[in-house]
Amino acid sequence: MFLNDDFLLTSETARKLFHDHAKTMPIIDYHCHLDPKEIYEDKAFHNLTEAWLAGDHYKWRLMRANGVPESHITGDASDYDKFLAWARTLPKAIGNPLYSWTHLELRRFFGIHELLNEASAPAIWEEVNRKLAEPAYTRRSLIRNSNVKIICTTDDPADSLEYHRLLKESEHDFQVFPTFRPDKALNIDAEGFPAWLARLEEAAGVPVANYESLVEVLRSRVEFFHANGCRLSDHALDVLRYQAAGDASQVERIFAKRLEGTMLTPEEITVYRTELLSALIGMYHDHNWTMQLHLHAFRNNNTPMFQRLGPDTGYDGINDLSLAEALSQLLDRAECGKGLPKTILYSLNPGDYPALLALMGCYQKDTAGKLQLGSGWWYNDTRDGMRRQLTLLADNSLLGNFVGMLTDSRSFLSYTRHEYFRRVLCELLGELAERGEAPDDQTLLGQLVEGISYSNAAGYFGFEARSAVHS
């Protein structure tokens, strides 16, 4: 039966692990793209399209694959017509995780068990919109009702963190912390780099006249973020290359050249990124932060649509460039210096997993699971992708130290992905036990499931102590 209490749980062991251990564990969403302003203001959604389809390029890609005109995806069609276009697309998406996620969200948040299709769409639209107008369906209520305890947003070094501070002062049952994401500092070749630098100067109240002053301003922003609860950084490294500067003055010359408006060579860009990223890694180590590296996205394909809609609109792919040598050089430089901070490595290309796992093992020390293989991300956020990540992690490292799932989402309705992941985890462990590859020991396996679902992340990021202080 579709999405019954035991869906994906194909053995008695899996069913016991999920219902007795995974199901009721709280959620730590340590990487997402929710807007802290939206969380603070706690407004009701206007309708289901705003809550469900706005900004969701996962759904947009499927709608385009179904021939839906862009007017009914990102264009000027009515919200109802956009919702109806998704309802017409969904029956063809069986086998795609969005088919399960869509119906899980309808069930868990709105109590609707009917399948969404063109015929059922009008009644579902009316019922969900009626509920979205109620106080129990505001943004904070959706978080609270999903048993979420920790949210880590994604924030630029130039952000004021105003809404994080306001959230800290307000009454609610969960905590919201910033994450330091300095992509714009590293992307010196981007057209908008000078404008971003001006924003950074304004935020810090200090001019950036040269590379040395940039590093110091970023150091001050790391300290500012730390004082406001940040304990994680994040980088989107779509292409990772490594080339150290020949001497201290080289990167200064590169930075000065960019400020003058002169085009940089690919080698100069690589040197600058290598040196600044290495300096940032040292700062993360100093503050006992966890560094996240998101690797091998291949962004902004389809030039006409990028020019029309901009980034993050469904036109990104998977990169297949080499990775191991440059990543080894970066990690080794950090270890030869102050030492690596706790690090989570994600790759959009699952073919990178074996190399990442082998490299991680070269730098593990002191902290259980200090280096982590990040959860199946984006195109790997599927049953098959989750199982592949979990299986290779178990094959090559310690599954029991894994810090588990995250949403990586801009949607307040995406927390059912944690349930989906936990079911996949229990399914996999149940299979190991059923074929005699793991002991059929509910205490042992239950502790493993509870750790991966919640407790490992709470300890790894230091959230256990902070939650106790908050409560």
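Note that this is a predicted model, so its numbers are computed, not measured.
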Taking the six-membered ring for Trp, are [X] and [Y] parallel (under 30°), tilted (30 to 60°) or perpendicular (over 60°)?
| X | Y | result |
| --- | --- | --- |
| His31 | His33 | perpendicular |
| Tyr272 | Tyr211 | perpendicular |
| Trp101 | Tyr58 | tilted |
| His235 | Tyr284 | tilted |

Is a donor from one side chain sitting under 3.5 angstrom from an acceptor on the other, for Asp352 and His296? yes
Polar contact flag, side-chain donor to acceptor under 3.5 angstrom, His164-Thr153: yes
State whether Phe463 and Lys149 meet the cation-pi test: NZ (Lys) or CZ (Arg) under 6.0 Å from the six-membered ring centroid, and within 45° of the perpendicular axis. no
What's the verdict on salt bridge (Lys or Arg N to Asp or Glu O under 4.0 Å) for Asp183 and Arg181, showing C-alpha distance, side-chain angles and the deciding distance? CA-CA 6 Å; Asp183 291 351; Arg181 177 128 168 188; 2.8 Å; yes
Does atom CZ (Arg64) have a neighbourhood of more than 12 heavy atoms from anything else shown, all under 6.0 Å? yes
Check this for me: does any side-chain nitrogen of one of Glu419 and Arg423 sit under 4.0 Å from a carboxylate oxygen of the other? yes
Backbone N/O of Tyr99 and side chain of His103: donor-acceptor pair under 3.5 Å: yes
Looking at Arg231 and His226, would you say the former's side chain and the latter's main chain have a donor-acceptor pair under 3.5 Å? yes
